[in-house]
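Bear in mind that the values here come from a model prediction, so they are computed numbers and not experimental data.
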Number of protein chains: 2
Amino acid sequence: MRTMSNLADRIEAYLKRILGETEEGYIVLQRGTLADYFSCAPSQINYVLTTRFTAEKGYLVESRRGGGGYLRIIKLGLDPEGKFQRLMAELIGEELSQERAYNLIDRLEEEEIFTKKEAILIKSIFADRILADLVPKASALRARMMKEILANMCRDDINI
Amino acid sequence: MRTMSNLADRIEAYLKRILGETEEGYIVLQRGTLADYFSCAPSQINYVLTTRFTAEKGYLVESRRGGGGYLRIIKLGLDPEGKFQRLMAELIGEELSQERAYNLIDRLEEEEIFTKKEAILIKSIFADRILADLVPKASALRARMMKEILANMCRDDINI
DNA sequence: CTTTTATTGACTATATTTGACCTTGTGACC
DNA sequence: GGTCACAAGGTCAAATATAGTCAATAAAAG
């Protein structure tokens, strides 16, 4: 269980909770109102959005300024058509930092492509702590490993 | 003989005591607070963690910096036959060739410690084909990764 | 006396919080 | 239509709050 002791974590949890309670898969709210609710600087909301609601984590944020302005936070599902290939092509590339890898793995766990145990297992060996001193280009290795894992997840003989 | 009166030992004993009293199998605390409690340098805490709370001794440590930062010390679950600890001990400081790794993984799959999918997943990224050109000491990395995986298999907080 | 283990502190890395300033959209007024 | 006030949201950098690393030194063990 997270300590939830800092503001950013509490705002994140709040947004995820109401996102989970809604039917449409997105929520619309105002930055200033939310900032008031948590008695914080409005820019704190941007901080939470940019660190917790990224594309890798499966979210899309739209907004509008001016009168009637708003924030819309959308929870994305995976495209069932060729999802692995799309993920590999769009999100991995030639380099994959520890943080981006973890986000991606969490996302694949949410989509039930990995079990919790598999997610922990993969994250454990993708850690900089494990790779850094033995691998000059750790991000290149992570990218390669992640692609290899995803390719193997497509094997037919895997669910026997 | 240890005098049992040095700081590191007392901090170790303290952490193990509160770990034993908790229900969840892990504790969360702050490095600075603990250092204050023992009136020592914060880095002393890191020393204790790296020397006493290692995977081979049955612990995992996770942490986070910045506001709301914390240390989480996880006590690994019981391993009655000491199988993992023995495997880890054998692998410490050793090298693990692709062939030996594959044999070990197959054995753990037969013993139903890994599912077929997990075995395929691990083997896929342990291949020399994946590691060789990016990792000067591929066997050292495999040994380290394998230990890390085994440690994580003992976590109580993953429901296997 | 030598080797191993423990202690400390200076420096580094990372995450969060806040505030001053910037940009864009809307509508009233001319 | 142009301009202006106001109502959003955006950006960025400084201040603050944590934790990590490393190397020098001290203490203990052998």
Sorted by chain and number, sequence neighbours left out, salt bridge (Lys or Arg N to Asp or Glu O under 4.0 Å) with A:Glu110 holds for A:Lys75

DNA chain C nearest-nucleotide lookup for A:Pro42 and B:Cys40: closer to the 5′ end is B:Cys40

Whole-Å distance, A:Ile45 CD1 to D:dA8 P, equals 15 Å

Separation of D:dT21 atom C1' from B:Tyr47 atom OH, nearest Å, is 15 Å

Sorted by chain and residue number, the side chain to side chain contact (heavy atoms under 4.5 Å, CB included) partners of B:Ala132 (sequence neighbours excluded) come out as none

With sequence neighbours left out, the residues meeting salt bridge (Lys or Arg N to Asp or Glu O under 4.0 Å) with A:Arg65 are none

Within residues 123-135 of chain A, those residues having any heavy atom closer than 4.0 Å to DNA chain D are none

Nearest-nucleotide check on DNA chain C, A:Gln44 vs A:Gly67; residue mapping nearer the 5' end is A:Gln44

B:Leu34 atom CG is separated from D:dT18 atom P, nearest whole Å, by 14 Å

Practice prompt. Indicate yes or no: at least one non-hydrogen side-chain atom of A:Leu141 is less than 4.5 angstrom from one of B:Ile125.
Written response: no

**OP:** Verify the contact: side-chain N or O of B:Arg10 to OP1 or OP2 of C:dA6, cut-off strictly under 4.0 Å; return yes or no.
**Re:** no

Sequence neighbours excluded, the answer for salt bridge (Lys or Arg N to Asp or Glu O under 4.0 Å) partners of B:Glu109 is none

The contact string for nucleotides 9-15 of chain D, one letter per nucleotide 5' to 3', using protein heavy atoms under 4.0 Å with B, S and - for base, sugar-phosphate only and none, comes out as BBBB---

Across all chains, not counting sequence neighbours, the side chain to side chain contact (heavy atoms under 4.5 Å, CB included) partners of B:Glu23 are none

### Message
What contact category does B:Leu7 fall into here, base, sugar-phosphate, or nothing, at under 4.0 angstrom with non-hydrogen atoms?
### Response
sugar-phosphate

Residue set satisfying salt bridge (Lys or Arg N to Asp or Glu O under 4.0 Å) with A:Arg144, at least two apart, ordered chain then number -> B:Asp133

The side chain to side chain contact (heavy atoms under 4.5 Å, CB included) partners of A:Arg142 (sequence neighbours excluded) come to A:Leu96, A:Gln98, A:Ala101, A:Phe126, A:Asp128, A:Leu131, A:Ala138, A:Ser139

Worksheet item: Salt bridge between A:Lys147 and A:Glu94, side-chain N to carboxylate O under 4.0 Å?
Response: yes

Residues at least two apart in sequence or cross-chain that pass side chain to side chain contact (heavy atoms under 4.5 Å, CB included) with B:Ser63, listed by chain then number, are B:Leu71

Identify all pairs in which a protein N or O lies below 3.5 Å from an N or O of nucleotides 23-27 of chain D, and state each distance.
none

Here the distance between atom C1' of C:dT17 and atom CZ of A:Arg52, to the nearest Å, is 12 Å

Here the ring-ring contact (aromatic ring centres under 6.0 Å, His included) pairs for residues 28-65 of chain B, sequence neighbours left out, are B:Tyr14-B:Tyr37, B:Tyr14-B:Phe38, B:Phe53-B:Tyr59

